[in-house]
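To keep things clear, I will list the structure first and then write my remarks on it.
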2 protein chains.
Amino acid sequence: MSSISDMIESFIMDSLGEGEYLDISRNELANYFNVAPSQINYVLSTRFNYERGFLTESKRGGGGHITIMRADDSTSVWLDGILDRLNQEVDYRTGCYIVDELVNKKFFKSSQGEIIKTAISPNALANPFKLENRLRSQILRRIILKHNIKQHGESKTSSI
Amino acid sequence: MSSISDMIESFIMDSLGEGEYLDISRNELANYFNVAPSQINYVLSTRFNYERGFLTESKRGGGGHITIMRADDSTSVWLDGILDRLNQEVDYRTGCYIVDELVNKKFFKSSQGEIIKTAISPNALANPFKLENRLRSQILRRIILKHNIKQHGESKTSSI
DNA sequence: GCTTTTTGACTTTCTTTGACCTTTATTATA
DNA sequence: TATAATAAAGGTCAAAGAAAGTCAAAAAGC
């Protein structure tokens, strides 16, 4: 009666036991239950999300894995820390850093993170042009030119 | 479970212990773990970079070696020194000298160093207002600060 | 019919490897 | 002795491989 996702959920719950966190391999687990690897993601996002008291982290590539953690006091401390920082002014870089942290902890998806970053970018938030724009194009022009020359060997301009 | 890179990382960490720095031979280490020598570079650049609190130096040729150092207070003193110099005007030669120093300490990759040198070159900065030297120190300062901030997340300056 | 589950094609990220390059030290030679 | 050749490191970069992520369509439950 219960779906495979439910079985995977209880399997993970059992493996977690009383522990604070658990490391799993997405592929192994999917293999064990004979399901598509992405179904593990489905289980994680529907059963082991923040609302249900969990946070997950992962790493791709060789030796990649997924970590499932209980979202306990320390998590809310972490979140409070971030909210505290947002009581002061936050420049673009810091904002991105915070967004990355939140994405990392699967608080937001990375696609959502991108939107957020765009929303808080200098471009989005401000300022009609100033004189520095001319300089900027000059610098960029210079860098691109030199890069191009270096790659194609035709050096007609001085090295700097 | 964990990748070989992770094992190499902990091996280095263990060897370093509480010490301030550690000398290793790239080839020996690669041999010990049965990996391509370049994988040692991979571990160094992903795990023992400035972001993570380390600086590395190396020497080639006979008796060559790699030194892994904790980026501690003295590092920030060194960095502060450079930033101090950038409070005055900086001509192109001096700028390149500083960039070389930063590349030497693996603060930037040499490919990044090239870009920076181009960005502060007379050609890039030529402008009608004869502000070249002031601009140069400003740009250099900006790049280093941003790099440093990006790595440590302490942002006291505005994003642009 | 609507919601939840399952699947699979495509994407992104991280690791591993290898071929080729640069620098430094040592040794041989004029 | 100065210089040229050789050997002994480490550096770089790109390709191949190994995971996990995304998204939308199909299938299954209710």
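Computed from a predicted structure; not experimentally measured. Numbered from 1 within each chain, the chains take letters A, B, ... in sequence-line order.
Between S3(A) and dT4(C) there is no side-chain N or O to OP1 or OP2 distance below 4.0 Å.
Side chains of D6(B) and S3(B): a donor on one and an acceptor on the other come within 3.5 Å.
Rounded to whole Å, atom P of dT5(C) lies 7 Å from atom CG of D6(A). Counting to the nearest Å, the C1' atom of dT12(D) and the CD1 atom of I66(B) are 13 Å from each other. The distance from atom CD of E9(B) to atom P of dT16(C) is 12 Å, rounded to the nearest whole Å. Going from atom CG of L29(A) over to atom C1' of dT7(C) covers 16 Å, rounded to whole Å. Whole-Å rounding puts the Q39(A) CD to dA20(D) C1' distance at 16 Å. For the pair N49(A) CG and dT4(C) P, the interatomic distance rounds to 13 Å; values are reported in whole Å. Nucleotide dA25(D) holds its P atom 17 Å from the OH atom of Y42(A), rounded to whole Å. Straight-line distance from the CD atom of E57(B) to the C1' atom of dG10(D): 14 Å, rounded to whole Å.
Note on N27(B): only backbone sugar-phosphate atoms sit closer than 4.0 angstrom, heavy atoms only; bases stay farther off. Across all strands shown, G64(B) has heavy atoms under 4.0 Å from sugar-phosphate atoms exclusively, and none from any base. I40(B) comes within 4.0 angstrom of nothing in the nucleic acid, heavy atoms only.
The closest donor-acceptor contact from the side chain of N49(B) to the backbone of S45(B) lies under 3.5 Å. Put simply, the side chain of R70(A) gets close to the backbone of G19(A): a donor and an acceptor are under 3.5 Å apart.
The base of dG11(D) lies outside donor-acceptor range of the side chain of R60(B), with no N or O pair under 3.5 Å.
Closest approach to the K59(B) side chain among dT24(C), dT16(C), dT6(C) is made by dT24(C) (side chain taken as heavy atoms from C-beta onward). Listed nucleotides dG10(D), dT6(C), dT16(C) differ in distance to I4(B); the shortest reach to its side chain belongs to dT16(C). Closest to the side chain of S58(A), out of dG21(D), dT15(C), dA25(C), is dG21(D). You'll find that the side chain of A36(B) is closest to dT17(C), out of dT5(C), dT16(C), dT17(C).
Of the listed residues (I66(B), I68(B), I24(B), T67(B)), just one forms a side chain to side chain contact (heavy atoms under 4.5 Å, CB included) with S58(B), and that residue is I66(B).
The 5' end of DNA chain C is approached more closely, in terms of each residue's nearest nucleotide, by R47(A) than by the other of R47(A) and S38(A).
If you take CZ on R26(B) and CD on Q39(B), they are separated by 11.5 Å, rounding to the nearest 0.5 Å.
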